[in-house]
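Computed from heavy atoms alone, side chains included, the values below leave out hydrogens, waters and symmetry copies.
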Amino acid sequence: MGYEITTPIFYVNAAPHLGHAYSTIVADVLARHHRQRGDDVFFLTGTDEHGEPVANVAADRGITPQQLVDENAPKFEAMGGPLEASNDFFIRTSDERHKAAVQEFLTLVKDNGYVYEGDYEGWYCPKCADFKTESEIAEGNTCPIHGIPLIREKERNWFFRLSAFQEQLEQLYAERPDWVVPAVRRNEALAFIRNGLQDVSLSRNAISWGVTVPWDPEHVFYVWWDALLNYRTALRFGRPGHDLTDSHWPPVHVIGKDILKFHTIYWPALLMAAGVEVPEKVLVGGFLLVDGAKMSKSKGNVLDPFEAVETFGADAVRFYLLREVSFGSDGSVSLDGLRSRYETELANDFGNLASRSLAMVRRYRDGQTPDVAVDPAIGAEFEGLPGEVARLLDGGQISQALDAVWQRVRRLNRYVEEQAPWTLAKAEKAESASRADLDRVLRTLVEGVRATAVLLHPWLPASTEKLLAAIGCPDLDWSGAALGAGPAPAVGELEPLFPKDVGDA
RNA sequence: GGGCCGGUAGCUCAAUUGGUCAGAGCAGCGGACUCAUAAUCCGUCAGAUCCAGGUUCGAGUCCUGGCCGGCCUACCA
């Protein structure tokens with residue numbers, strides 16, 4: 001089954017930061033999970049390269065917009081590596097193939113009768129060469145940047161008939177109450193729709209950096225339409241030699257709450273206008289805060305994702321961001337918080353569980369996992385777990401899915417204490433017990449470690465692979481996520497998965 | 001102004017359609033154990049679930065009115 005998962009495409013004007021990394025990680029978790037389930041995954045990310053800000057910066061620097069984006073886009077493309085992002089393609093909206101597909105799509109929308117010519121009227125600053133929104137206008141109708149009076153201006157423009165989709169959008173929200181997750185964001189979008197939709201402009205003629213409107217070459221498309229369409233155009237050429245448009249549509253989008261309106265109102269309306277199915281789901285993340293405030297460099301405690309990756313590794317940063325803040329909510333993150341979870345959860349809970357389990361198999365059974373059945377008591381507590389995790393992930397409950405697995409990690413540590421394998425080993429030597437008890441415990445532990453590693457793989461790709469290799473069970477397929485599905489392997493040596501002597505400097 | 005969401009142990013948060021739901025993790029304190037990355041496990045502590053009314057046999061969970069906080073309220077991307 002085809003599965004398209006996307007991040008927002010990042011605007012090339014800024015440098016990659018934590019917010020970009022966060023979206024990428026969330027989407028990557030879903031991509032990896034669906035690969036485990038055997039889906040034909042197309043994980044897409046990329047850069048949004050058109051629009052006025054890019055043109056302005058390029059002009060200031062005396063280079064062409066294309067030169068500017070060619071310089072910046074690689075910084076975003078390079079972000080994926082350190083994060084272990086497994087995207088299948090990286091789209092750039094200045095790609096000719098994208099532009100051609102955008103023109104084709106929007107021409108269809110026009111042919112369907114949803115585009116008309118009109119006048120955009122608003123407050124214009126001649127120095128900015130830009131229209132100002134209501135919230136941008138300073139006191140006395142002046143420009144907040146230049147302080148000069150704004151002029152009421154009209155611009156000849158192409159419009160998209162958004163108002164025509166009022167009813168269809170309301171119906172969409174009624175029929176599919178969880179197509180936007182979480183519900184707060186859904187309600188927000190719905191309230192906006194119910195307030196009444198006005199038509200929005202489709203093109204600009206004051207600037208030239210964008211996708212040319214084919215039926216009116218003096219205009220370029222307003223950058224948002226061009227940007228949104230990346231999710232669809234990339235299916236055509238993102239996998240060389242294959243057109244995935246039919247097999248992988250509709251997509252699942254991961255976005256931040258700042259771009260909610262575009263993805264949950266404009267975008268589905270545009271698709272409806274072209275007679276194309278709307279997205280499967282839109283998963284809306286919150287903001288990551290540092291010390292309760294939006295990220296800023298003024299505090300010393302900023303979390304630079306790339307520095308953090310260098311110190312703690314990509315797995316730890318991925319895990320931390322999704323563990324610390326419940327996906328969909330705003331949340332505070334910090335380097336101290338990362339260090340704390342790295343030690344208490346990754347090193348002490350999970351890493352140590354793996355170490356002690358393998359060590360005992362090596363010590364008591366010469367490294368050969370006994371080929372016996374797992375303890376039914378633990379089996380019962382893992383029952384249905386893969387299904388639960390899959391269901392939670394499909395519902396956008398990324399943090400809850402992770403927590404469900406983590407509870408089992410804790411359970412296995414408790415199991416060790418309950419069973420006290422070292423006591424069983426002594427009893428065995430004193431011949432006051434058969435080997436069966438210790439056999440069962442060791443097999444249960446190895447199998448528990450294996451199954452949780454398979455389940456955790458989307459969050460911790462590198463360390464789970466290392467662990468699974470150490471126990472000779474590299475298979476990541478979702479069918480192996482069930483406790484008891486694995487073999488009774490010979491286990492090898494395992495270095496600490498999350499060594500503690502990092503980041504102490 | 002209108003709308004949405006939240007206000008639960010020191011901290012971060014859970015509690016299906018109202019009925020052992022007053023919980024978990026972290027932090028603190030005490031203890032046990034030794035397989036393990038001085039890791040793990042157990043016990044313990046606390047909370048009139050923002051306030052005031054109301055509905056009900058029974059309400060964090062529903063209604064009304066307040067208080068506090070966050071967000072949205074259209075074309076920067």
Inset, instruction - Would you indicate, yes or no, if B:rA77 has its OP1 or OP2 atom less than 4.0 angstrom from a side-chain nitrogen or oxygen of A:Tyr222? - result: yes
Legend entry - Nearest-neighbour nucleotide for the A:Tyr11 side chain, B:rA77, B:rA27, B:rC35 considered: B:rA77
Legend entry - Whole-Å gap separating C1' (B:rC11) and CZ (A:Arg341): 12 Å
Inset, instruction - State whether A:Asn187 places a side-chain N or O below 4.0 Å from either non-bridging phosphate oxygen (OP1 or OP2) of B:rC5. - result: yes
Legend entry - Within-4.5 Å side-chain heavy-atom neighbours: A:Leu271 and A:Phe105: yes
Inset, instruction - Please work out if A:Tyr364 contacts a base, only the sugar-phosphate, or nothing of the nucleic acid, heavy-atom cut-off 4.0 Å. - result: sugar-phosphate
Inset, instruction - Would you mind classifying the nucleic acid contact of A:Leu190 as base, sugar-phosphate or nothing, using non-hydrogen atoms under 4.0 angstrom? - result: nothing
Inset, instruction - Give the ring-plane orientation class for A:Phe165 versus A:Tyr114, where under 30° counts as parallel, over 60° as perpendicular and anything between as tilted. - result: tilted
Legend entry - Rounded interatomic separation in angstrom, taking CD from A:Glu343 and P from B:rA27: 10 Å
Legend entry - Partner nucleotide, any strand, of B:rG25 [Watson-Crick/G-U, under 3.5 Å]: B:rC11
Inset, instruction - Measure distances between side-chain N and O atoms of A:Ser201 and base N and O atoms of B:rC75, and say whether any donor-acceptor pair falls under 3.5 Å. - result: yes
Legend entry - Interatomic distance, A:Leu228 CG vs B:rA77 P [rounded to whole Å]: 12 Å
Inset, instruction - Mind calculating the distance between CG (A:Asp48) and C1' (B:rC75) to the nearest angstrom? - result: 15 Å
Inset, instruction - Please work out whether the ring planes of A:Trp267 and A:His253 are parallel, tilted or perpendicular, with thresholds of 30° and 60°. - result: tilted
Legend entry - Of the listed nucleotides B:rA77, B:rA36, B:rA74, the one nearest the side chain of A:Arg363: B:rA36
Inset, instruction - Give A:Gln198 one of three labels, base, sugar-phosphate or nothing, depending on what nucleic acid heavy atoms sit under 4.0 Å from its own. - result: base
Legend entry - Touch class at under 4.0 angstrom, heavy-atom based, for A:Trp224 against every strand present: base
Legend entry - Assigned glycosidic conformation for B:rA38 [threshold 90° from 0]: anti
Inset, instruction - Please work out if A:Gly51 contacts a base, only the sugar-phosphate, or nothing of the nucleic acid, heavy-atom cut-off 4.0 Å. - result: nothing
Inset, instruction - May I ask which nucleotide in the shown strands pairs with B:rG1, Watson-Crick or G-U wobble, both distances under 3.5 Å? - result: B:rU73
Inset, instruction - Check whether any side-chain nitrogen or oxygen of A:Lys261 sits under 4.0 Å from OP1 or OP2 of B:rU73, and answer yes or no. - result: yes
Inset, instruction - Provide the Watson-Crick or G-U wobble partner of B:rA46, both distances under 3.5 Å; none if there is no partner. - result: none
Legend entry - Atom pair distance, as rounded to whole Å: NE2 in A:His263 and P in B:rA77: 14 Å
Inset, instruction - Scan A:Ile265 against the nucleic acid and name what it touches under 4.0 Å (heavy atoms): base, sugar-phosphate only, or nothing. - result: nothing
Legend entry - A:Lys99/A:Asp226 salt bridge by N-O under 4.0 Å criterion: no
Legend entry - Which nucleotide in B:rC35, B:rG25, B:rA77 has an atom nearest any side-chain atom of A:Arg410: B:rG25
Legend entry - A:Glu345 CD to B:rC13 P, straight-line distance once rounded to whole Å: 15 Å
Legend entry - Reference residue A:Ser203; test side-chain hydrogen bond (donor to acceptor under 3.5 Å, both in side chains); the match among A:Glu117, A:His219, A:Glu218, A:Arg156: A:His219
Inset, instruction - Specify the residue among A:Glu418 and A:Trp422 whose closest nucleotide of RNA chain B lies further upstream toward the 5′ end. - result: A:Trp422
Inset, instruction - Look through every strand shown and name the nucleotide pairing with B:rU20 as Watson-Crick or G-U wobble, where both distances are under 3.5 Å. - result: none
Inset, instruction - Specify the glycosidic conformation (syn or anti) of B:rG58, with syn defined as within 90° of 0. - result: anti
Inset, instruction - Quickly work out the A:Phe287 CZ to B:rC71 C1' distance and round it to whole Å. - result: 10 Å
Legend entry - Pair assignment for B:rU40, Watson-Crick or G-U wobble, requiring both distances under 3.5 Å: B:rA32
Inset, instruction - Report yes or no: does A:Asp315 contribute a side-chain atom to a donor-acceptor pair with the main-chain N or O of A:Ser463 at less than 3.5 Å? - result: yes
Legend entry - Pairwise side-chain contact, A:Asp95 with A:Glu49, heavy-atom cut-off 4.5 Å (strictly under): no
Inset, instruction - Applying side chain to side chain donor-acceptor pair (under 3.5 Å), run through A:Gln166 and A:Glu170 and close with a yes or a no. - result: CA-CA 6 Å; A:Gln166 172 98 25; A:Glu170 287 189 31; 2.9 Å; yes
Inset, instruction - Would you mind telling me which residue lines up with the more 5' stretch of RNA chain B, A:Arg323 or A:Lys426, judged by nearest nucleotide? - result: A:Arg323
Inset, instruction - Compare side-chain N and O positions of A:Asn348 against OP1 and OP2 of B:rU40 and report whether any pair is under 4.0 Å apart. - result: yes
Legend entry - A:Leu412 CG - B:rU40 C1' separation (whole Å): 13 Å
Inset, instruction - Could you please name the partner base of B:rG6, counting Watson-Crick and G-U wobble pairs only when both distances are under 3.5 Å? - result: B:rC68
Inset, instruction - For A:Pro53, report the nucleic acid contact type (base, sugar-phosphate, nothing); a contact means any heavy atom under 4.0 Å. - result: sugar-phosphate
Inset, instruction - Name the closest nucleotide to the A:Asn413 side chain, picking from B:rA77, B:rG25, B:rC41. - result: B:rC41
Legend entry - Side-chain donor/acceptor of A:Asn352 to base of B:rA39, under 3.5 Å: no
Inset, instruction - Examine B:rC41: is either OP1 or OP2 under 4.0 Å from a nitrogen or oxygen in the side chain of A:Arg414? Give yes or no. - result: no
